[in-house]
Chemist: 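Attaching a single structure in structure tokens format; questions to follow.
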Amino acid sequence: MAYWLMKSEPDTFSLDDLRSRPDSTEHWDGVRNYQARNMMRDQMKRGDKVFFYHSSCPVPGIAGIAKVVREAYPDGSAQNPESRYYDPKASAENPRWFMVDVKFERKFKRLLPLSELKAEPALAEMTLLKKGNRLSIMPVSEDEWQQILSMV
DNA sequence: GCCAACGTTGGC
DNA sequence: GCCAACGTTGGC
């Protein structure tokens, strides 16, 4: 089993939104970056755990945990001209973009702010904290996962 | 709203 | 294949 971090803007889709979905499950559509897509498509497995990160908001940070319940399949929003994620180069034959389904697992007692992650020396090598990293999906090592859980 | 740090596009 | 221009992300 692997660990991941996935970013979402809470104004658009928050951890509470995920929890309130039917079966607390939602498909993670709209990923339009090849590196992030490749990790979803090739590496994310059912049962993997995910830190749900809130970005572009007053206090960015980790809100809680979700898990992967369905492995990658075509992201239909890429083929829908009405969608904000529409991509004219995607087709049924070549879907180009993929998504996984994630399910709510738990919400932390408090949001763990980015500022605290940055201040923790044990997390200095974490991808999230590396300068210039803007990936919306990134791997988390087991050590990092445990370290973060101990800080909540 | 600013801006650094990318990623993507497209002319050549 | 190079690279300038442009668009996006996301913290601050």
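Computed from heavy atoms alone, side chains included, the values below leave out hydrogens, waters and symmetry copies. First the proteins, then the strands, lettered A, B, ... as listed; each starts at 1.
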Chemist: Please check: side-chain N/O of A:D17 versus main-chain N/O of A:S14, any donor-acceptor pairing under 3.5 Å?
Modeler: yes

Chemist: Could you tell me whether A:Q35 contacts a base, only the sugar-phosphate backbone, or nothing, with contacts defined as non-hydrogen atoms closer than 4.0 Å?
Modeler: sugar-phosphate

Chemist: In chain order, what residues pass the side chain to side chain contact (heavy atoms under 4.5 Å, CB included) check against A:R110, with sequence neighbours excluded?
Modeler: A:L112, A:P113, A:E116

Chemist: Among residues 76-101 of chain A, which residues get a heavy atom nearer than 4.0 Å to DNA chain B?
Modeler: A:K89

Chemist: Kindly write out the residues that satisfy side chain to side chain contact (heavy atoms under 4.5 Å, CB included) with A:A72, not counting sequence neighbours, or none if the list is empty.
Modeler: A:R41, A:F98, A:V100

Chemist: If you walk 5' to 3' along DNA chain B, what is the first nucleotide with an atom under 4.0 Å of a heavy atom in chain A, and what is the last?
Modeler: B:dA5 to B:dT9

Chemist: Could you pull out all residues at least two apart from A:W4 that satisfy ring pair (Phe, Tyr, Trp, His ring centres under 6.0 Å)?
Modeler: none

Chemist: Check ring pair (Phe, Tyr, Trp, His ring centres under 6.0 Å) between A:Y34 and all other residues, then give those that pass, not counting sequence neighbours.
Modeler: A:W97

Chemist: Quick one: list whatever passes side chain to side chain contact (heavy atoms under 4.5 Å, CB included) with A:S24, sequence neighbours left out.
Modeler: A:K103, A:F104

Chemist: For A:K107, check salt bridge (Lys or Arg N to Asp or Glu O under 4.0 Å) against everything at least two apart and list the hits.
Modeler: A:D16

Chemist: Heavy atom of residues 123-138 of chain A under 4.0 Å from DNA chain C: which residues?
Modeler: A:R134, A:L135

Chemist: For residues 127-152 of chain A, pull every pair meeting salt bridge (charged side-chain N to carboxylate O under 4.0 Å, His left out), keeping only residues two or more places apart or in separate chains.
Modeler: A:E125-A:K130

Chemist: Considering residues at least two apart in sequence or located in another chain, which fulfil the ring pair (Phe, Tyr, Trp, His ring centres under 6.0 Å) criterion with A:F51?
Modeler: A:W145

Chemist: Checking A:R96 now: which residues fulfil salt bridge (Lys or Arg N to Asp or Glu O under 4.0 Å) with it, not counting sequence neighbours?
Modeler: A:D87

